[in-house]
Each structure stands twice: as structure tokens, then as C-alpha cells.
Asks: 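One structure, as C-alpha cells, below. Some questions next.
Quick note on labels: first sequence line is chain A, next is B, and so on, each numbered from 1.
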Protein chains: 2
Amino acid sequence: MNPTATRPYHHGNLRQALLDATLDLAAETGLDQVSLREVARRVGVSSGAPFRHFKDRRALMTAIAEEATRQLRIRVERDQQSAQGDAMDHLKVLGRSFLEWALSHPTQFRLVSSRQLFDFESSNSLKQHFAAVRSVTLALVAQAQQAGQLPASVPGEQLGMALRASAYGLARMAVDGQLPQWGVPASAEAQTALSCLDLLVETMRIGRYPD
Amino acid sequence: MNPTATRPYHHGNLRQALLDATLDLAAETGLDQVSLREVARRVGVSSGAPFRHFKDRRALMTAIAEEATRQLRIRVERDQQSAQGDAMDHLKVLGRSFLEWALSHPTQFRLVSSRQLFDFESSNSLKQHFAAVRSVTLALVAQAQQAGQLPASVPGEQLGMALRASAYGLARMAVDGQLPQWGVPASAEAQTALSCLDLLVETMRIGRYPD
DNA sequence: ACCTGAACACCGTTCAAGT
DNA sequence: ACCTGAACACCGTTCAAGT
């Protein structure tokens with residue numbers, strides 16, 4: 001029961017501690033400003049220690065991106081299972097999952113969408129999580145096309161891309177604080193971004209504009 | 001006519017030379033990798049020289065961002081003047097101006113949309129150029145609403161925001177090379193992004209889907 | 001007025017040496 | 001197996017000193 005006897009060295013799990021500390025620091029000063037030395041310092045470990053767990057700075061960032069996209073994927077799949085209604089409603093839920101995730105994890109959202117700080121190509125899990133969300137999107141689009149709610153004349157990939165781009169753009173504008181410039185009060189940012197997304201989906205639906 | 005006599009010191013215009021060299025280097029390795037020392041080296045000047053022209057690294061990046069948004073604004077205003085058709089057509093042209101600018105100036109687009117590498121709040125010209133493009137958007141949306149082409153029941157700002165987000169998201173996906181993942185062949189990226197944007201605008205138009 | 005070049009306080013990364 | 005801490009080659013930034 002001697003705690004220091006079983007503790008490997010300094011940490012039970014230095015790897016995870018480094019990831020956590022990086023996110024903490026990023027929340028305070030921004031991801032670009034975070035240095036591995038500072039992370040190591042905060043965790044109470046020497047400057048060389050992180051390199052026992054990550055090949056380099058990019059590898060650490062890639063690990064954070066992997067975990068982030070994993071969480072997004074899980075959230076998307078969970079929300080889809082509990083979603084009600086037709087394919088168009090499911091698409092709205094999908095957009096909502098994405099936006100809510102981005103707004104509640106701004107650091108991770110920024111990292112993942114930077115595509116500069118980490119190495120997308122080298123990570124299979126990253127690619128798989130992305131592909132999973134994409135295939136949910138494309139399946140719903142195909143369903144909606146078959147139900148006559150989205151135009152069958154347009155390739156499903158393009159409709160999916162348009163939806164994804166819209167959600168992504170809105171998330172970005174919200175996270176970067178651009179919404180006030182479009183007349184949105186700070187108190188209603190999340191609300192407005194969400195209803196803007198609903199508007200975009202609704203607008204694509206064949207036969208809407210019932211006014 | 002002695003050239004060294006009238007030359008201020010090393011350069012006729014070190015400031016501009018630094019900006020140019022930064023963009024050159026960024027195109028090769030990415031903006032984050034660019035160091036001021038490397039820029040100075042390439043320009044053939046000492047490591048301290050850049051600080052005579054820019055308070056710090058961010059100030060240099062801010063100057064590049066200013067020039068970039070100025071160019072975007074000019075392009076948008078020029079293209080609007082030569083545009084034909086109704087307000088919806090003008091909105092398509094607006095999206096096209098934006099997308100084409102982003103695709104032909106990826107470094108500048110990335111910088112401007114990073115909002116981390118430079119100081120948006122400190123630059124009046126930056127804010128003015130942004131506001132100019134935004135007000136073009138909002139004016140066209142208002143026109144389209146009055147012509148019954150866009151829903152009057154939705155605030156113009158939200159429609160503008162939705163359009164801006166879509167264009168922005170598409171530009172980002174294209175510049176970051178995400179289009180192949182959506183079934184777009186590399187040879188047709190620009191084409192597809194543009195037609196996707198047209199699709200989004202067309203889709204919002206009241207009374208379309210003529211099939 | 002504009003630039004140099006040393007100086008300072010940082011980095012990321014490596015690697016022998018320690019436990 | 002995992003960590004330390006010195007070492008190396010870099011940074012951004014400042015500032016006396018030069019022209």
C-alpha cells in the first residue's frame with residue numbers, strides 16, 4: 001500500500017497528464033503559444049520527458065486531435081440514435097451535434113480545423129472518425145433524396161459537402177466571435193448559430209417556404 | 001547617379017521586402033513555420049532589422065492580413081460593378097469573388113481566417129475592409145428580400161451570415177484539400193466548389209427547384 | 001533615419017546518465 | 001521502463017553602437 005512503491009516514476013499516466021495540461025494551457029493562451037517545456041513544467045516533469053511519449057510536438061497535437069474527433073464521432077452517433085423524424089430532421093440533428101461540439105470544445109475545434117498543427121495523413125484513427133461522420137452525412141442525404149426532400153439531380157456528395165461547409169463555417173464564425181459583427185448579441189450566439197443551420201437545411205428541402 | 005549614395009541603407013523598401021519574403025516562405029513551409037530571423041536572412045539583413053518596421057511578429061502578420069483583406073475588398077467591389085442580373089445573381093458573383101480569391105491566395109486566406117496569428121482588433125483598416133464586404137452582402141440580401149427572392153420573415157443578417165458561412169466553409173475545405181474526401185477529383189476542385197456555392201444560393205431562392 | 005550584432009530569455013529535440 | 005538535465009541549434013526581441 002506504499003503509493004510511491006507502485007507509482008512508475010512521477011505519474012501513473014504522464015501521457016494523459018501532458019494531453020490534459022496542453023489543453024488547459026491552450027484554453028488560457030491559445031494553442032500556438034503552448035510550448036512543450038511549459039507543459040512539462042506544469043506537470044512537474046523535466047523538459048525531455050514528453051519525448052518519451054510523443055515523437056515531437058506535432059505528435060502530441062495529433063493525439064489531441066484524435067481524441068477530439070473520436071468524441072465528435074461518438075456524440076454524432078449517439079445523437080443520431082435518439083433522433084426523431086425523417087432524414088431532414090436527422091440532418092438538422094447532425095448539424096446540431098457538430099455545432100454544439102465545436103462551441104463547447106473551441107480549442108479542439110480550432111486544432112482539428114487548423115490542419116497545420118497536427119499530422120492528419122499519418123493518423124488512421126483521425127481519418128476513420130472523419131470518414132464515419134462523413135458517411136452518416138452522405139447516408140442521410142441519400143435517404144432524403146430518395147424521399148424526394150432533396151434534389152436527386154445533384155450528386156449526393158455535393159449536397160453533403162454543402163451542408164458540411166455550412167456547419168463548419170458557422171461553427172468557425174461563432175468560435176471566432178464574428179457573430180456580433182452580424183448583429184447577433186453575445187447572449188444569443190449559440191442559439192442563433194443553431195437556428196441559422198436549421199434555416200440552411202430547411203431551405204434546401206424541396207417544397208418548403210410555405211409562406 | 002551613384003546607386004549606393006541614394007539607397008537609404010540596404011533596401012529602398014525593407015518593409016515591403018519583408019512582407020514579400022514572409023509570403024514566399026509561407027508558401028514553402030506554412031505560415032507558422034516562418035521565423036523573422038529566416039525572413040531577415042533571406043532579405044539579407046540583420047536579425048534586429050525587421051523590428052525597425054514592425055513592433056513584433058504579430059504586427060508583421062497583421063500588415064499582411066491588412067493587405068490581403070484590402071485586395072479581397074477591391075476584388076469584390078470590382079466584380080460587383082461588372083456583374084449582370086438581379087440581386088441573387090450578384091450574390092453568386094460575390095461568392096465567386098470570395099472563393100476565387102481564397103483559392104488563388106491560400107496563404108493569405110489561411111492567415112486571415114486564423115484570427116490567431118495577427119491582431120484583428122488593433123487594425124482599423126482590417127475592420128473596415130471586412131465591414132465593406134459584409135455591407136455589400138447585406139445590401140444584396142435586403143434587395144433580394146424586397147424582390148421576394150429571399151424570405152422576408154428571416155432577419156437579413158442571418159441570411160447574410162448563412163451565405164458567408166457557406167462560402168467560408170467551402171473555401172476552407174477546398175484550400176485544405178478536403179474535397180477529394182467528398183468524391184471530388186483533384187482536377188475539378190475549384191469548379192466544384194464554385195458550383196456548390198451556386199447551388200447553395202440557388203437553393204435559398206424562393207420558388208426554385210423547377211423540376 | 002536606418003541598420004548591426006551582441007545579449008537575454010526563451011524554444012524543440014537529443015541523449016548520455018541515472019533510478 | 002521511464003525520467004533527468006545538460007547540450008545544441010534554433011527563436012523573438014531589445015538595445016547600445018555604428019553609418
Asks: Without decimals, in angstroms, what is the distance between A/L18 CG and C/dT13 C1'?
Replies: 15 Å

Asks: In whole angstrom, give the distance that lies between atom CG of B/N13 and atom C1' of C/dC2.
Replies: 13 Å

Asks: Looking at A/L18, A/D20, A/T22, which one forms a side chain to side chain contact (heavy atoms under 4.5 Å, CB included) with A/V43?
Replies: A/L18

Asks: Nearest heavy-atom pair of A/T62 and A/S123: which atoms, and what distance?
Replies: CG2-CB, 4.0 Å

Asks: With a 4.0 Å heavy-atom cut-off, tell me which residues in residues 48-65 of chain B come close to DNA chain C, sorted by residue number.
Replies: B/G48, B/A49, B/R52, B/H53

Asks: Tell me: CZ of A/R37 to C1' of D/dC8, nearest whole Å?
Replies: 11 Å

Asks: Hey, does the side chain of A/Q80 reach the backbone of A/H90 with a donor-acceptor pair shorter than 3.5 angstrom?
Replies: yes

Asks: Within the side chain of B/Q145, is there an N or O that forms a donor-acceptor pair under 3.5 Å with the backbone of B/V154?
Replies: yes

Asks: For B/Q191, is the CD atom crowded, meaning more than 12 foreign heavy atoms sit under 6.0 Å from it?
Replies: no

Asks: Hey, where does DNA chain D pair up into stems, meaning at least three consecutive Watson-Crick or G-U pairs with distances under 3.5 Å?
Replies: C:4-8 with D:12-16, C:12-16 with D:4-8

Asks: Suppose the criterion is side-chain hydrogen bond (donor to acceptor under 3.5 Å, both in side chains): which pairs have a residue in residues 29-58 of chain B, not counting sequence neighbours?
Replies: B/E28-B/R42

Asks: Specify the separation, in whole Å, of atom CG of A/L31 and atom P of C/dC11.
Replies: 16 Å

Asks: As an exercise, state the distance from CD of B/Q116 to CE of B/M61, rounded to the nearest 0.5 Å.
Replies: 13.0 Å

Asks: Quick check on D/dC11: is either OP1 or OP2 less than 4.0 Å from any side-chain nitrogen or oxygen of B/R41?
Replies: yes

Asks: What integer distance in Å separates A/E38:CD from D/dC11:P?
Replies: 20 Å

Asks: Between A/T203 and A/L200, is there a donor-acceptor pair closer than 3.5 Å when you use the side chain of the first and the backbone of the second?
Replies: no

Asks: Mark yes or no for whether B/R205, through its side chain, and B/M88, through its backbone, hold a donor-acceptor pair below 3.5 Å.
Replies: no

Asks: Check whether any side-chain N or O of B/S35 sits under 4.0 Å from OP1 or OP2 of D/dC11, and answer yes or no.
Replies: yes

Asks: Over how many whole Å does the gap from A/D32 atom CG to D/dC11 atom C1' extend?
Replies: 15 Å

Asks: Among C/dC3, C/dA7, C/dC11, which nucleotide has an atom closest to any side-chain atom of B/L14?
Replies: C/dC3

